[in-house]
Amino acid sequence: MDFPQDYKLLKQGAEAKIYKGTFLGRPVVVKERFRKTYRHPDLDETISKERLKAEARGILRCKALGVPAPAVYYVDPDTKCMFLEEIDGSTLKDLFTSLLASSSPDDLNQVKLLALSIGEVVGKIHAGHLIHGDLTTSNFLRHGFKTYLIDFGLSSVSTLPEDKAVDLYVLERALVSTHPGCDDLWTQILAGYSKSYTGGSKEVLNKFKEVQARGRKRTMVG
Amino acid sequence: MVVAIGLEGSANKLGVGIVKDGEVLSNCRRTYITPPGEGFLPKETAQHHRKHILPLIKEALEVAKMEPQDIDLICYTKGPGMGAPLVSVAVVARTIAQLWNKPIVGVNHCIGHIEMGRAITKCDNPTVLYVSGGNTQVIAYACNRYRIFGETIDIAVGNCLDRFARLVNLSNDPSPGYNIEQAALKGKKLLPLPYSVKGMDVSFSGILSHIEEKGRPLLKSGEYTVEDLCFSLQETVFAMLVETTERAMAHTGSQEVLLVGGVACNVRLQEMMAQMVKERGGIVYATDERYCIDNGAMIAQAGALLYASTGQPTPWDETYIRQRYRTDEVEVTWR
């Protein structure tokens with residue numbers, strides 16, 4: 001899509017190009033799901049459309065569940081563009097990387113707090129049967145004292161413990177590969193999760209062990 | 001100057017290769033091929049390996065123009081893989097190590113693929129997509145380990161292709177994947193299949209059950225041909241793999257991709273990956289079937305690197321095999 005001149009390309013994520021600009025006088029972030037030329041055109045069209053829809057729905061549901069997420073200002077289904085409220089914060093990936101490099105007790109406390117907040121966010125959305133689908137530390141933003149959840153393109157709604165467990169598994173995998181040697185982080189996240197998802201976290205965590213066993217100890221041949 | 005011989009037999013390929021300082025002197029291979037509609041089973045595969053391994057070692061030595069005393073190091077695949085075939089090769093490795101009085105090193109099969117790819121393509125620090133009959137992993141290096149960023153949460157992509165080939169009765173010679181690739185070139189019509197990406201992880205088992213259920217009636221009614229199904233399957237599963245690789249690249253900030261493993265020979269997958277990487281301004285590295293498909297040279301290469309960095313062979317009582325030996329368990333001492 002052709003954007004006005006004051007729109008600047010911020011970065012090219014895996015799925016979309018991210019632009020910064022203003023929309024009706026407000027600062028916005030635009031997510032453009034550009035065509036992936038490596039994909040078959042029909043497949044690409046289906047996937048982009050599905051994800052655009054999933055993202056808009058996921059954000060609405062997330063906000064309704066009381067978890068901070070950027071507001072959707074406008075969606076253009078033809079160009080697959082989504083105009084979102086700009087959240088001026090840092091990703092938890094960056095925050096963890098810089099905080100973990102220091103050894104001051106204050107910083108390590110801050111890490112614990114942030115990890116706990118991740119768990120709480122995930123617990124809350126799971127309690128409302130929202131599956132994020134792509135939980136990584138890059139998809140949490142910290143702004144003020146709030147932890148925002150972003151990137152709902154792979155989100156879905158499900159009441160099954162299995163789907164929630166896979167969601168957690170994806171987060172765990174991302175965590176150990178991005179922040180090696182931080183077993184503490186995961187303990188905190190689980191603590192936050194159980195705290196905010198009182199009704200069903202136990203069942204999900206049991207299922208989570210099953211999913212873990214499937215992935216990690218799966219027979220590897222070849 | 002270390003001359004290393006590598007013995008590989010974790011699945012249906014038996015390979016013996018000799019490597020001298022990153023230069024491949026010989027890389028011989030025998031493949032156990034089963035009839036159409038059948039996969040390879042541990043017992044028969046091990047029998048195949050036992051039958052061929054001694055002639056293959058002789059052949060590798062002849063091609064490299066070497067005698068046993070010229071070899072400095074014996075490397076063998078410790079895992080992951082099928083138990084019986086792994087054992088049949090490990091026994092031979094231990095025997096020649098004692099006969100020739102040489103140090104022995106057990107190698108992780110996945111690390112072998114990665115190190116061979118790095119040696120052949122000379123790429124420095126790539127995001128690795130490792131795709132084969134038993135493994136589907138997106139790997140990046142950090143803090144002395146090859147970390148697994150994404151992987152299949154059920155079956156491997158190669159396994160999905162192999163089992164699909166059995167469903168539609170494609171030949172296993174030279175490999176089911178190759179025959180699917182050739183048939184897909186003639187396919188035109190895209191059958192919508194489940195597209196299952198979960199973060200950086202993927203899932204393939206749903207696709208297979210979907211084809212099992214829906215594919216046969218569609219073939220019978222003539223609505224789709226076998227070629228169309230091959231085409232649809234490739235387009236879908238490869239798009240999933242390229243997408244997760246792209247996610248890992250965006251997450252780690254990497255610009256290089258290395259494709260390894262048997263499925264990485266697929267030209268269509270290489271094309272799709274190249275297209276994605278080009279749009280990101282990066283470079284894709286791939287090797288050909290000599291090094292993509294399981295081989296002995298890759299085991300020799302990874303073993304030689306390990307031995308050169310630590311100076312220690314694998315202790316004798318640890319020269320066993322492990323069917324479930326994870327990529328991220330190995331401490332990388334050579335980088």
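These numbers were taken from a predicted model, which means no experiment stands behind them. These values consider heavy atoms only, across backbone and side chains, with no hydrogens, waters or symmetry-generated copies. Proteins get letters first, then strands, A, B, ... in listed order; numbering begins at 1 in each.
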Region of A/L43 that comes under 4.5 Å of a non-hydrogen atom in chain B: both
Under 4.5 Å from a heavy atom of chain A, the part of B/R268 involved: side chain
A/R39 and B/E243 ion-paired at < 4.0 Å: yes
Residues B/D228 and B/K189 bridged, charged N to O under 4.0 Å: no
Heavy-atom contact with chain B under 4.5 Å, split by part of A/V170: both
Structural part of B/E271 lying under 4.5 Å from a heavy atom of chain A: neither
Interface moiety of B/M276 toward chain A, non-hydrogen atoms closer than 4.5 Å: both
Salt-bridge criterion met for A/K36 and A/D44 (N-O under 4.0 Å): no
Parallel, tilted or perpendicular: ring planes of B/F149 versus B/H251, cut at 30 and 60 degrees: perpendicular
Most contacts with chain A, counted as non-hydrogen pairs under 4.5 angstrom, among B/G199, B/G262, B/G261: B/G199
Residue B/F231 versus chain A: region with a heavy atom under 4.5 Å: side chain
Audit row: B/K78, B/E329, salt bridge (charged side-chain N to carboxylate O under 4.0 Å, His left out) steps and yes/no: CA-CA 13 Å; B/K78 189 168 181 176; B/E329 282 176 46; over 6 Å; no
Qualifying residues under ring pair (Phe, Tyr, Trp, His ring centres under 6.0 Å), relative to A/Y7, sequence neighbours excluded: A/F3
Side-chain donor or acceptor of B/H109 paired with backbone N/O of B/I299 under 3.5 Å: no
Best-contacting candidate, B/V197, B/N159, B/N12, against chain A by heavy atom pairs under 4.5 angstrom: B/V197
Which atoms of A/K11 approach chain B - backbone, side chain, both or neither, heavy atom under 4.5 Å: neither
Carboxylate-amine/guanidinium proximity below 4.0 Å for A/K207 and A/E203: no
Contact class of B/I148 relative to chain A, heavy atoms under 4.5 angstrom: both
With A/K80, the salt bridge (charged side-chain N to carboxylate O under 4.0 Å, His left out) member among A/E45, A/E32, A/E15: A/E45
Residue pair A/Y197 / A/K164, side-chain donor-acceptor N/O under 3.5 Å: yes
Neighbours of chain B found in residues 125-134 of chain A - heavy atoms under 4.5 Å: A/G133, A/D134
Salt-bridge present (B/K13, B/E8; N to O < 4.0 Å): no
